[in-house]
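Here the structure comes first, spelled out in C-alpha coordinates, and everything after it is commentary.
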2 protein chains.
Amino acid sequence: MVSPKPDLETRLAEDHHQAIKLWLRLLTCTNLITAEIRTRLRENFETTLPRFDLLAQLERHPEGLRMGELSQRMMVTTGNVTGITDQLEAEGLVRREVDPQDRRSITVKLTPKGQQVFAEMARIHEGWVIELFSGLSAAEKDSLYALLGKLKKHLNHKEARP
Amino acid sequence: MVSPKPDLETRLAEDHHQAIKLWLRLLTCTNLITAEIRTRLRENFETTLPRFDLLAQLERHPEGLRMGELSQRMMVTTGNVTGITDQLEAEGLVRREVDPQDRRSITVKLTPKGQQVFAEMARIHEGWVIELFSGLSAAEKDSLYALLGKLKKHLNHKEARP
DNA sequence: TCTAAATATTTTAAGCATAAAATGTAGTTT
DNA sequence: AAACTACATTTTATGCTTAAAATATTTAGA
(Lines give C-alpha, C1' and ligand atoms only; values in the text may rest on other atoms or scores of the structure.)
Protein backbone atom coordinates (compact mmCIF):
# COMPACT_ATOMS: atom_id res chain seq x y z
CA MET A 1 0.00 0.00 0.00
CA VAL A 2 1.37 3.36 -0.97
CA SER A 3 1.98 5.75 1.89
CA PRO A 4 -0.08 8.90 1.66
CA LYS A 5 1.70 12.18 1.04
CA PRO A 6 3.05 13.52 4.33
CA ASP A 7 1.33 16.57 5.81
CA LEU A 8 0.39 18.09 9.17
CA GLU A 9 -1.75 15.08 10.09
CA THR A 10 1.07 12.57 9.58
CA ARG A 11 2.44 12.97 13.12
CA LEU A 12 -0.84 12.03 14.80
CA ALA A 13 -1.33 8.87 16.80
CA GLU A 14 -4.44 7.31 18.32
CA ASP A 15 -3.89 8.93 21.67
CA HIS A 16 -4.02 12.45 20.30
CA HIS A 17 -7.20 14.30 21.25
CA GLN A 18 -10.01 14.52 18.72
CA ALA A 19 -9.78 18.33 18.77
CA ILE A 20 -6.10 18.21 17.84
CA LYS A 21 -6.88 15.86 14.94
CA LEU A 22 -9.66 18.14 13.76
CA TRP A 23 -7.45 21.23 14.03
CA LEU A 24 -4.62 19.69 12.00
CA ARG A 25 -7.02 18.47 9.34
CA LEU A 26 -8.62 21.92 9.07
CA LEU A 27 -5.14 23.44 8.74
CA THR A 28 -4.08 20.82 6.17
CA CYS A 29 -7.10 21.47 3.94
CA THR A 30 -6.61 25.25 4.17
CA ASN A 31 -2.91 24.89 3.32
CA LEU A 32 -3.62 22.66 0.32
CA ILE A 33 -6.18 25.06 -1.13
CA THR A 34 -4.11 28.17 -0.38
CA ALA A 35 -1.03 26.65 -2.01
CA GLU A 36 -2.95 25.70 -5.14
CA ILE A 37 -4.60 29.12 -5.55
CA ARG A 38 -1.31 30.93 -4.90
CA THR A 39 0.43 28.96 -7.63
CA ARG A 40 -2.34 29.54 -10.15
CA LEU A 41 -2.56 33.28 -9.40
CA ARG A 42 1.20 33.62 -9.90
CA GLU A 43 1.32 31.58 -13.10
CA ASN A 44 -1.80 33.08 -14.68
CA PHE A 45 -1.83 36.67 -13.41
CA GLU A 46 1.59 37.35 -11.86
CA THR A 47 -0.05 38.37 -8.63
CA THR A 48 -0.39 37.12 -5.05
CA LEU A 49 -3.24 35.90 -2.85
CA PRO A 50 -3.10 38.86 -0.41
CA ARG A 51 -3.24 41.32 -3.33
CA PHE A 52 -6.15 39.44 -4.86
CA ASP A 53 -7.93 39.47 -1.49
CA LEU A 54 -7.52 43.22 -1.11
CA LEU A 55 -8.93 43.85 -4.59
CA ALA A 56 -11.80 41.48 -3.81
CA GLN A 57 -12.70 43.55 -0.76
CA LEU A 58 -13.00 46.65 -2.93
CA GLU A 59 -15.02 45.07 -5.75
CA ARG A 60 -18.45 45.95 -4.31
CA HIS A 61 -17.35 49.31 -2.89
CA PRO A 62 -16.90 51.92 -5.61
CA GLU A 63 -16.76 54.48 -2.78
CA GLY A 64 -13.71 52.66 -1.48
CA LEU A 65 -12.84 51.24 1.96
CA ARG A 66 -10.68 52.66 4.71
CA MET A 67 -7.39 51.06 5.68
CA GLY A 68 -8.77 50.01 9.05
CA GLU A 69 -11.83 48.43 7.45
CA LEU A 70 -9.62 46.55 4.97
CA SER A 71 -7.48 45.36 7.87
CA GLN A 72 -10.50 43.89 9.67
CA ARG A 73 -12.06 42.31 6.60
CA MET A 74 -8.77 40.76 5.46
CA MET A 75 -7.96 39.66 9.03
CA VAL A 76 -4.46 41.16 8.92
CA THR A 77 -2.79 44.15 10.62
CA THR A 78 -3.07 47.71 9.28
CA GLY A 79 0.71 47.67 8.81
CA ASN A 80 0.33 44.73 6.44
CA VAL A 81 -2.48 46.47 4.53
CA THR A 82 -0.15 49.46 4.06
CA GLY A 83 2.42 47.28 2.31
CA ILE A 84 -0.03 45.41 0.11
CA THR A 85 -1.73 48.68 -0.85
CA ASP A 86 1.69 50.16 -1.77
CA GLN A 87 2.25 47.34 -4.24
CA LEU A 88 -1.23 47.56 -5.81
CA GLU A 89 -0.93 51.34 -6.08
CA ALA A 90 2.41 50.91 -7.85
CA GLU A 91 0.69 48.55 -10.28
CA GLY A 92 -2.02 51.15 -10.91
CA LEU A 93 -4.82 48.92 -9.63
CA VAL A 94 -5.85 51.04 -6.63
CA ARG A 95 -5.47 54.59 -5.43
CA ARG A 96 -5.47 56.19 -2.02
CA GLU A 97 -7.65 59.19 -1.14
CA VAL A 98 -7.39 61.24 2.03
CA ASP A 99 -10.78 61.80 3.71
CA PRO A 100 -11.30 65.62 3.64
CA GLN A 101 -13.44 65.35 6.78
CA ASP A 102 -10.79 63.44 8.72
CA ARG A 103 -7.25 63.73 7.41
CA ARG A 104 -6.09 60.78 9.50
CA SER A 105 -8.26 58.46 7.39
CA ILE A 106 -7.33 57.11 3.98
CA THR A 107 -9.80 55.49 1.62
CA VAL A 108 -8.61 52.95 -0.94
CA LYS A 109 -10.46 52.60 -4.23
CA LEU A 110 -10.13 50.45 -7.33
CA THR A 111 -8.95 52.32 -10.40
CA PRO A 112 -10.73 51.62 -13.74
CA LYS A 113 -7.77 49.38 -14.59
CA GLY A 114 -8.12 47.67 -11.24
CA GLN A 115 -11.79 47.00 -11.82
CA GLN A 116 -11.06 45.47 -15.19
CA VAL A 117 -8.13 43.34 -14.02
CA PHE A 118 -9.98 42.17 -10.94
CA ALA A 119 -13.15 41.23 -12.87
CA GLU A 120 -11.12 38.91 -15.08
CA MET A 121 -9.23 37.36 -12.16
CA ALA A 122 -12.40 36.93 -10.11
CA ARG A 123 -14.11 35.05 -12.94
CA ILE A 124 -11.24 32.57 -13.29
CA HIS A 125 -10.67 32.34 -9.53
CA GLU A 126 -14.30 31.37 -8.96
CA GLY A 127 -13.89 28.46 -11.36
CA TRP A 128 -10.81 27.28 -9.48
CA VAL A 129 -12.58 27.36 -6.11
CA ILE A 130 -15.61 25.52 -7.51
CA GLU A 131 -13.26 22.87 -8.87
CA LEU A 132 -11.30 22.56 -5.61
CA PHE A 133 -14.49 21.93 -3.63
CA SER A 134 -16.13 19.74 -6.27
CA GLY A 135 -15.24 16.58 -4.35
CA LEU A 136 -18.11 17.41 -2.02
CA SER A 137 -21.80 17.23 -2.95
CA ALA A 138 -24.02 20.29 -2.49
CA ALA A 139 -25.45 18.75 0.67
CA GLU A 140 -21.97 18.07 2.02
CA LYS A 141 -20.89 21.62 1.25
CA ASP A 142 -23.97 22.88 3.12
CA SER A 143 -23.15 20.68 6.11
CA LEU A 144 -19.53 21.80 6.16
CA TYR A 145 -20.65 25.44 5.84
CA ALA A 146 -23.07 25.09 8.76
CA LEU A 147 -20.58 23.30 11.02
CA LEU A 148 -17.91 25.90 10.32
CA GLY A 149 -20.51 28.57 11.03
CA LYS A 150 -21.13 27.11 14.44
CA LEU A 151 -17.40 26.85 15.09
CA LYS A 152 -16.92 30.47 14.02
CA LYS A 153 -19.73 31.67 16.27
CA HIS A 154 -18.08 29.99 19.25
CA LEU A 155 -14.67 31.43 18.37
CA ASN A 156 -16.06 34.94 18.08
CA HIS A 157 -18.10 34.65 21.26
CA LYS A 158 -15.07 33.51 23.21
CA GLU A 159 -13.00 36.47 22.08
CA ALA A 160 -15.75 38.83 23.16
CA ARG A 161 -15.53 37.56 26.73
CA PRO A 162 -13.68 40.01 29.02
CA MET B 1 -28.87 44.88 15.87
CA VAL B 2 -25.14 44.96 16.36
CA SER B 3 -23.08 44.34 13.20
CA PRO B 4 -20.93 41.24 13.43
CA LYS B 5 -17.17 41.72 13.52
CA PRO B 6 -15.89 42.17 9.96
CA ASP B 7 -13.89 39.31 8.46
CA LEU B 8 -13.26 37.59 5.14
CA GLU B 9 -16.92 36.66 4.77
CA THR B 10 -18.17 40.24 5.13
CA ARG B 11 -17.75 41.05 1.43
CA LEU B 12 -20.02 38.25 0.27
CA ALA B 13 -23.39 38.78 -1.35
CA GLU B 14 -26.14 36.35 -2.29
CA ASP B 15 -24.88 35.96 -5.83
CA HIS B 16 -21.49 34.63 -4.76
CA HIS B 17 -21.08 30.93 -5.45
CA GLN B 18 -21.55 28.47 -2.60
CA ALA B 19 -17.95 27.27 -3.02
CA ILE B 20 -16.62 30.79 -2.57
CA LYS B 21 -18.70 31.20 0.60
CA LEU B 22 -17.42 27.88 1.93
CA TRP B 23 -13.80 28.73 1.10
CA LEU B 24 -13.95 32.11 2.86
CA ARG B 25 -15.61 30.59 5.92
CA LEU B 26 -12.94 27.86 6.08
CA LEU B 27 -10.25 30.54 5.81
CA THR B 28 -11.94 32.71 8.44
CA CYS B 29 -12.15 29.88 10.99
CA THR B 30 -8.52 28.90 10.36
CA ASN B 31 -7.40 32.53 10.73
CA LEU B 32 -9.32 32.97 14.00
CA ILE B 33 -7.82 29.85 15.55
CA THR B 34 -4.31 30.52 14.25
CA ALA B 35 -4.37 34.07 15.59
CA GLU B 36 -5.53 32.94 19.01
CA ILE B 37 -2.93 30.17 19.34
CA ARG B 38 -0.14 32.47 18.09
CA THR B 39 -0.98 35.07 20.73
CA ARG B 40 -1.12 32.52 23.54
CA LEU B 41 2.15 30.86 22.51
CA ARG B 42 3.90 34.24 22.45
CA GLU B 43 2.48 35.40 25.77
CA ASN B 44 2.94 32.11 27.62
CA PHE B 45 6.08 30.62 26.06
CA GLU B 46 7.72 33.40 24.02
CA THR B 47 7.66 31.20 20.96
CA THR B 48 5.90 31.03 17.58
CA LEU B 49 3.48 28.66 15.89
CA PRO B 50 5.94 27.46 13.20
CA ARG B 51 8.54 26.68 15.87
CA PHE B 52 5.95 24.83 17.93
CA ASP B 53 4.90 22.88 14.84
CA LEU B 54 8.46 21.83 14.08
CA LEU B 55 9.00 20.62 17.65
CA ALA B 56 5.68 18.76 17.47
CA GLN B 57 6.87 16.89 14.38
CA LEU B 58 9.91 15.65 16.31
CA GLU B 59 8.06 14.61 19.47
CA ARG B 60 7.46 10.98 18.46
CA HIS B 61 10.78 10.63 16.59
CA PRO B 62 13.70 10.31 18.99
CA GLU B 63 15.74 9.23 15.95
CA GLY B 64 14.99 12.64 14.40
CA LEU B 65 13.56 13.66 11.04
CA ARG B 66 15.30 14.88 7.92
CA MET B 67 14.87 18.44 6.66
CA GLY B 68 12.97 17.26 3.61
CA GLU B 69 10.60 15.16 5.71
CA LEU B 70 10.01 18.11 8.06
CA SER B 71 9.29 20.28 5.02
CA GLN B 72 6.62 17.88 3.78
CA ARG B 73 4.99 17.29 7.16
CA MET B 74 4.89 21.01 7.98
CA MET B 75 3.71 21.83 4.44
CA VAL B 76 6.37 24.52 3.96
CA THR B 77 9.50 24.80 1.80
CA THR B 78 12.87 23.34 2.82
CA GLY B 79 14.26 26.87 2.80
CA ASN B 80 11.74 27.84 5.44
CA VAL B 81 12.57 24.78 7.54
CA THR B 82 16.23 25.86 7.46
CA GLY B 83 15.38 29.20 9.03
CA ILE B 84 13.06 27.83 11.70
CA THR B 85 15.59 25.13 12.59
CA ASP B 86 18.29 27.80 12.93
CA GLN B 87 16.20 29.58 15.52
CA LEU B 88 15.35 26.44 17.52
CA GLU B 89 18.98 25.34 17.41
CA ALA B 90 20.03 28.73 18.77
CA GLU B 91 17.54 28.23 21.60
CA GLY B 92 19.03 24.82 22.32
CA LEU B 93 15.80 22.95 21.64
CA VAL B 94 17.00 20.94 18.61
CA ARG B 95 20.26 19.86 17.08
CA ARG B 96 21.31 18.95 13.59
CA GLU B 97 23.18 15.74 12.75
CA VAL B 98 24.77 14.94 9.42
CA ASP B 99 23.92 11.44 8.16
CA PRO B 100 27.30 9.63 7.98
CA GLN B 101 25.96 7.46 5.17
CA ASP B 102 24.84 10.43 3.09
CA ARG B 103 26.46 13.74 3.93
CA ARG B 104 23.87 15.67 1.94
CA SER B 105 21.23 14.67 4.50
CA ILE B 106 20.73 16.34 7.84
CA THR B 107 18.62 14.88 10.63
CA VAL B 108 17.04 17.19 13.20
CA LYS B 109 16.47 15.90 16.72
CA LEU B 110 15.00 17.27 19.92
CA THR B 111 17.56 17.95 22.64
CA PRO B 112 16.70 16.86 26.23
CA LYS B 113 15.81 20.49 26.91
CA GLY B 114 13.68 20.52 23.78
CA GLN B 115 11.81 17.42 24.89
CA GLN B 116 11.10 18.97 28.27
CA VAL B 117 10.04 22.36 26.92
CA PHE B 118 7.88 20.82 24.22
CA ALA B 119 6.13 18.42 26.62
CA GLU B 120 5.01 21.37 28.72
CA MET B 121 3.88 23.43 25.74
CA ALA B 122 2.06 20.48 24.18
CA ARG B 123 0.08 19.86 27.35
CA ILE B 124 -1.11 23.46 27.55
CA HIS B 125 -1.61 23.73 23.77
CA GLU B 126 -3.91 20.70 23.77
CA GLY B 127 -6.12 22.38 26.37
CA TRP B 128 -6.35 25.50 24.20
CA VAL B 129 -7.35 23.52 21.10
CA ILE B 130 -9.97 21.54 23.04
CA GLU B 131 -11.41 24.82 24.33
CA LEU B 132 -11.41 26.46 20.88
CA PHE B 133 -13.39 23.57 19.38
CA SER B 134 -15.66 23.11 22.41
CA GLY B 135 -18.50 24.95 20.68
CA LEU B 136 -19.08 21.77 18.68
CA SER B 137 -20.45 18.51 20.09
CA ALA B 138 -18.48 15.29 19.68
CA ALA B 139 -20.84 14.26 16.86
CA GLU B 140 -20.38 17.60 15.14
CA LYS B 141 -16.61 17.35 15.44
CA ASP B 142 -16.80 13.87 13.90
CA SER B 143 -18.94 15.17 11.01
CA LEU B 144 -16.60 18.11 10.40
CA TYR B 145 -13.61 15.74 10.53
CA ALA B 146 -15.19 13.38 8.01
CA LEU B 147 -16.23 16.14 5.60
CA LEU B 148 -12.78 17.70 5.72
CA GLY B 149 -11.34 14.24 5.12
CA LYS B 150 -13.37 13.90 1.95
CA LEU B 151 -12.33 17.39 0.86
CA LYS B 152 -8.69 16.57 1.52
CA LYS B 153 -8.88 13.33 -0.44
CA HIS B 154 -10.24 15.21 -3.44
CA LEU B 155 -7.56 17.90 -3.15
CA ASN B 156 -4.77 15.33 -3.00
CA HIS B 157 -6.19 13.26 -5.84
CA LYS B 158 -6.41 16.31 -8.06
CA GLU B 159 -2.79 17.23 -7.47
CA ALA B 160 -1.71 13.75 -8.42
CA ARG B 161 -3.27 14.15 -11.88
CA PRO B 162 -0.67 14.87 -14.55
C1' DT C 1 -7.65 78.23 24.67
C1' DC C 2 -4.76 74.61 25.91
C1' DT C 3 -3.69 70.00 27.16
C1' DA C 4 -4.42 65.18 27.31
C1' DA C 5 -6.36 61.20 25.33
C1' DA C 6 -7.84 58.79 21.44
C1' DT C 7 -7.69 57.54 16.60
C1' DA C 8 -5.73 56.23 11.89
C1' DT C 9 -1.99 55.06 9.33
C1' DT C 10 2.92 54.35 8.60
C1' DT C 11 7.34 52.80 10.04
C1' DT C 12 10.45 49.64 12.32
C1' DA C 13 12.26 45.25 13.67
C1' DA C 14 11.73 40.58 13.40
C1' DG C 15 9.84 36.17 11.79
C1' DC C 16 7.73 33.33 8.28
C1' DA C 17 6.96 32.09 3.63
C1' DT C 18 7.85 31.34 -1.34
C1' DA C 19 10.45 30.40 -5.84
C1' DA C 20 14.65 29.93 -7.79
C1' DA C 21 19.53 29.61 -7.78
C1' DA C 22 23.70 27.98 -5.56
C1' DT C 23 26.43 24.60 -3.16
C1' DG C 24 27.97 20.16 -1.85
C1' DT C 25 27.34 15.22 -2.20
C1' DA C 26 25.96 10.80 -4.34
C1' DG C 27 24.82 7.77 -8.17
C1' DT C 28 24.99 6.49 -13.01
C1' DT C 29 26.87 6.19 -17.50
C1' DT C 30 30.52 6.32 -20.79
C1' DA D 1 38.52 8.03 -14.29
C1' DA D 2 35.66 11.52 -15.92
C1' DA D 3 31.40 13.55 -17.05
C1' DC D 4 26.66 13.94 -16.39
C1' DT D 5 22.46 13.64 -13.70
C1' DA D 6 20.11 13.62 -9.46
C1' DC D 7 19.52 14.71 -4.65
C1' DA D 8 19.50 17.48 -0.09
C1' DT D 9 20.07 21.60 2.02
C1' DT D 10 21.25 26.47 2.12
C1' DT D 11 21.22 30.97 0.21
C1' DT D 12 19.15 34.83 -2.20
C1' DA D 13 15.56 37.94 -3.44
C1' DT D 14 11.07 39.09 -2.60
C1' DG D 15 6.57 39.28 -0.37
C1' DC D 16 3.66 38.78 3.66
C1' DT D 17 2.89 38.97 8.49
C1' DT D 18 3.09 40.44 13.23
C1' DA D 19 3.79 43.55 17.45
C1' DA D 20 5.17 47.75 18.86
C1' DA D 21 6.59 52.39 18.24
C1' DA D 22 6.23 56.69 15.74
C1' DT D 23 3.71 60.30 13.40
C1' DA D 24 -0.14 63.16 12.31
C1' DT D 25 -4.78 64.36 13.22
C1' DT D 26 -9.07 64.64 15.84
C1' DT D 27 -11.80 64.78 20.02
C1' DA D 28 -12.78 65.68 24.77
C1' DG D 29 -12.20 67.95 28.99
C1' DA D 30 -10.49 71.51 32.08
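Protein chains get the first letters and strands the later ones, always in sequence-line order, with residue 1 at the start of each.
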Categorize [X] for me: base, sugar-phosphate, or nothing, with a 4.0 angstrom heavy-atom threshold over every strand shown.
X      : answer
B/D102 : sugar-phosphate
A/L49  : nothing
A/G83  : nothing
B/S105 : sugar-phosphate
B/G68  : sugar-phosphate
B/M74  : nothing

Exercise. A/F45 and A/F52: aromatic ring centres closer than 6.0 Å?
Worked result: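 Not under 6.0 Å, so no.
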
Phosphate-side-chain proximity, [X] and [N], N/O vs OP1/OP2 below 4.0 Å:
X      : N      : value
B/R51  : C/dA14 : no
B/R96  : D/dA8  : no
B/R42  : D/dT18 : no
B/R103 : D/dA8  : no
A/N80  : D/dC16 : no

Exercise. Does the side-chain contact (heavy atoms from CB on, under 4.5 Å) test come out yes or no for B/L110 and B/V117, once each step is laid out?
Worked result: CA-CA 10 Å; B/L110 282 175; B/V117 165; over 6 Å; no

For this session: For residues A/M67 and A/R96, report the shortest heavy-atom separation together with the two atoms involved.
Result: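 So the minimum-distance heavy-atom pair works out to CE-NH2, 3.8 Å.
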
For this session: Mark yes or no for a side-chain to base donor-acceptor pair under 3.5 Å between A/R104 and C/dT7, with no hydrogen or angle criteria applied.
Result: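 Donor-acceptor pair under 3.5 Å: yes.
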
Exercise. Does B/V76 or A/I106 map to a spot on DNA chain C nearer the 5' end, using the closest nucleotide for each?
Worked result: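 Checking each residue's closest nucleotide, the 5'-ward one belongs to A/I106.
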
Exercise. Could you go step by step and tell me if A/T82 and A/T77 meet the side-chain contact (heavy atoms from CB on, under 4.5 Å) rule?
Worked result: CA-CA 9 Å; A/T82 294; A/T77 62; over 6 Å; no

Exercise. Of all the choices, C/dC16, C/dT25, C/dT18, which nucleotide is nearest to the side chain of B/T48 once you look at every atom?
Worked result: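 Taking heavy atoms from C-beta onward, the closest nucleotide is C/dC16.
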
For this session: May I ask you to check whether B/T78 and B/S71 show a side-chain donor-acceptor distance below 3.5 Å?
Result: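 Result is no, nothing qualifies.
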
For this session: Hey, which sits more toward the 5' end of DNA chain D by its nearest nucleotide, A/D99 or A/T77?
Result: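 Nearest-nucleotide comparison on DNA chain D picks A/T77.
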
